[in-house]
Amino acid sequence: MMRIIFGIVLGVLVAYPTLAAILLATVGSVAVAAATYPPLLAAAAGAWAWPRITRRVRGWWA
């Protein structure tokens with residue numbers, strides 16, 4: 001299912017290059033903001049790591 005969704009997204013981005021440019025500009029802006037503002041980078045890392053941390057901690061008491 002994820003392959004199909006990924007293919008559709010890639011197809012839309014190829015069909016509409018302006019949309020691809022907007023998406024790349026947005027991702028680039030977020031990356032620059034994260035690199036220049038450490039609390040944002042820490043929050044993103046915490047949001048990414050949270051499910052892994054909770055799975056590991058849950059295993060300790062199970």
Side-chain angles (χ1 to χ4, degrees):
M1 184 66 178
M2 288 301 292
R3 290 180 189 177
I4 294 171
I5 293 171
F6 185 66
I8 291 170
V9 168
L10 283 179
V12 167
L13 291 177
V14 168
Y16 299 102
T18 307
L19 183 61
I22 292 170
L23 180 66
L24 286 174
T26 303
V27 170
S29 297
V30 169
V32 168
T36 58
Y37 191 60
L40 181 62
L41 186 58
W48 176 80
W50 183 254
R52 291 151 186 80
I53 293 169
T54 55
R55 256 187 271 135
R56 196 169 290 227
V57 170
R58 220 179 299 139
W60 292 343
W61 285 284

| query | What's the shortest heavy-atom distance between Pro51 and Thr54, and which atoms? | reply |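 Taking every non-hydrogen atom into account, O-OG1, 3.0 Å.
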| field | Residues that Leu10 engages under side chain to side chain contact (heavy atoms under 4.5 Å, CB included), provided they are two or more places apart | value |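 Phe6.
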Do [X] and [Y] land in one hydrophobic cluster if side-chain heavy atoms of ILVMFWY residues count as linked below 4.5 Å?
{"X": "Leu23", "Y": "Val32", "value": "no"}
{"X": "Ile22", "Y": "Ile8", "value": "no"}
{"X": "Val9", "Y": "Leu19", "value": "yes"}
{"X": "Leu41", "Y": "Val30", "value": "no"}

| message | With a 6.0 Å cut-off (strictly less than), is the heavy-atom count around CZ of Arg3, excluding the residue itself, greater than 12? | response |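 Not more than 12 within 6.0 Å, no.
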